[in-house]
Number of protein chains: 2
Amino acid sequence: MKLSEAEWQIMNALWRKNPATAREIMDSLNGDVRWAYTTVKTMLTRLAAKKAVAETKRGNTSFYTPLVDQRNARRNALQNVVDRVLDGAVAPLMSFLIEDRKLSDRERKELIRMLRDADRKGESDGRDTQ
Amino acid sequence: MKLSEAEWQIMNALWRKNPATAREIMDSLNGDVRWAYTTVKTMLTRLAAKKAVAETKRGNTSFYTPLVDQRNARRNALQNVVDRVLDGAVAPLMSFLIEDRKLSDRERKELIRMLRDADRKGESDGRDTQ
DNA sequence: AAGAATCTACTACATTCGTAGAAGAAAGTC
DNA sequence: GACTTTCTTCTACGAATGTAGTAGATTCTT
């Protein structure tokens, strides 16, 4: 499942509120996105065509629901970025997280904790993906 | 500077070997990419048009050089992914790194170290971006 | 019920993207 | 020098993307 940037906007709105009508989605789009109602409808129709969302009618109004799992979709997108953009390396992802200071103290500490856990696990089964 | 997926392939090849001719780039493209020579040329022409690469002629052959900084280009791309795909959150980036086990033991340990450093820094200036 | 507001389905249209092919010029090979 | 290989520049072309407009059907409002 490959989504365009505009489609991600819609999906993110839908994941936030589900199910939702086209208008609700339009209203909950992120700040810098200002689309005509019919633009939103077009995107939804396209997403329905590629089975990324389901469309259910009640009265003359359609309600939309995501059919793809958010976590999964994101993982695929990230993997794609690693492959295509980062040329397969995850190191740039780490520097992005750390050097570009996208993390709050809380996030940083949480990440350290998660890593320690993974570290313990990694040692026990001795895996080394690199 | 916005690059398409195909353009990333070219740029990554160019960053690996710089300067390079169209044929060298073609030959050093990543495994799953098999483009006709003229396809590579087309991409290079387009990249030159958008000032992402410079083209210099020697004899009847062009040599190409990246004009955009790799680190920078990647950072922008990642920021864009965070904004559009991850809806502004970095948490999914962390789980991707950790849960999807993209890290070798070495990378994991390195990451922990980097985080500790950043952590110390974060404490001293008391910043908390979240 | 008449008019206003809202929905839907269809159509549109310029750009960008992926992916070359053709034809002619230049260079390498024997 | 003739033939082969390789480069370059131009042109092409369908699919995907971003971004709606129109017109007709429905529903709400008073």
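These values consider heavy atoms only, across backbone and side chains, with no hydrogens, waters or symmetry-generated copies. Values in this document were obtained by computation on a predicted structure and should not be read as measured data. Letters go in sequence order (proteins before strands), and every chain restarts at 1.
- Contact check on Arg113(B) versus Asp117(B) returns a salt bridge, with a Lys/Arg side-chain nitrogen under 4.0 Å from an Asp/Glu carboxylate oxygen.
- There is no side-chain donor-acceptor pair under 3.5 Å between Asp87(A) and Gln9(B).
- Judged by distance alone, the side chain of Lys51(B) and the main-chain N or O of Val68(B) form no donor-acceptor pair under 3.5 Å.
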Run the side-chain hydrogen bond (donor to acceptor under 3.5 Å, both in side chains) check on Gln79(B) and Asp100(A) step by step: do they pass?
CA-CA 10 Å; Gln79(B) 185 58 55; Asp100(A) 298 325; over 6 Å; no
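- The phosphate of dG21(C) (OP1 or OP2) has no side-chain N or O of Tyr37(B) nearer than 4.0 angstrom.
- Between Ser4(A) and Asn60(A), the residue whose closest nucleotide on DNA chain D is further toward the 5' end is Ser4(A).
- For the pair Leu3(A) CG and dA16(D) P, the computed distance is 14 Å after rounding to whole Å.
- One interatomic measurement links the two molecules: CE of Met43(A) to P of dA9(C), which rounds to 16 Å at whole-angstrom precision.
- Dashed line: the shortest gap from a side-chain N or O of Thr45(A) to OP1 or OP2 of dA9(C) is not under 4.0 Å.
- Proximity of Lys57(B) to the phosphate of dT9(D): a side-chain N or O atom is located under 4.0 Å from OP1 or OP2.
- When the side-chain nitrogen and oxygen atoms of Thr61(B) are compared with OP1 and OP2 of dT6(D), none of them lie within a distance under 4.0 Å.
- Checking Arg46(B) against Ser62(A), the closest nucleotide of DNA chain C that is more toward the 5' end is the one next to Ser62(A).
- Candidate nucleotides dG18(D), dT9(D), dG18(C) were compared by shortest atom distance to the side chain of Glu5(B), and dG18(C) ranks first.
- Between the base of dG21(C) and the side chain of Thr38(B) there is a donor-acceptor pair shorter than 3.5 Å.
- DNA chain D lies under 4.0 Å from at least one heavy atom of each of the following residues of residues 6-35 of chain A: Ala6(A), Arg34(A), Trp35(A).
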Determine whether Glu24(B) and Arg16(B) satisfy the following criterion, salt bridge (Lys or Arg N to Asp or Glu O under 4.0 Å), listing intermediate values before the conclusion.
CA-CA 11 Å; Glu24(B) 288 170 333; Arg16(B) 265 180 260 129; over 6 Å; no
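- With rounding to whole Å, Lys41(A) atom NZ is found 18 Å from dA12(C) atom C1'.
- Side chains of Lys57(B) and Phe63(B) form no contact here, defined as non-hydrogen atoms less than 4.5 Å apart.
- A donor-acceptor pair shorter than 3.5 Å can be found between the side chains of Arg74(B) and Asn12(B).
- Not a single donor-acceptor pair, N or O on each side, falls under 3.5 Å between the base of dT26(D) and the side chain of Arg58(A).
- Rounded to a whole Å, the CZ atom of Phe63(B) is 13 Å from the C1' atom of dT6(D).
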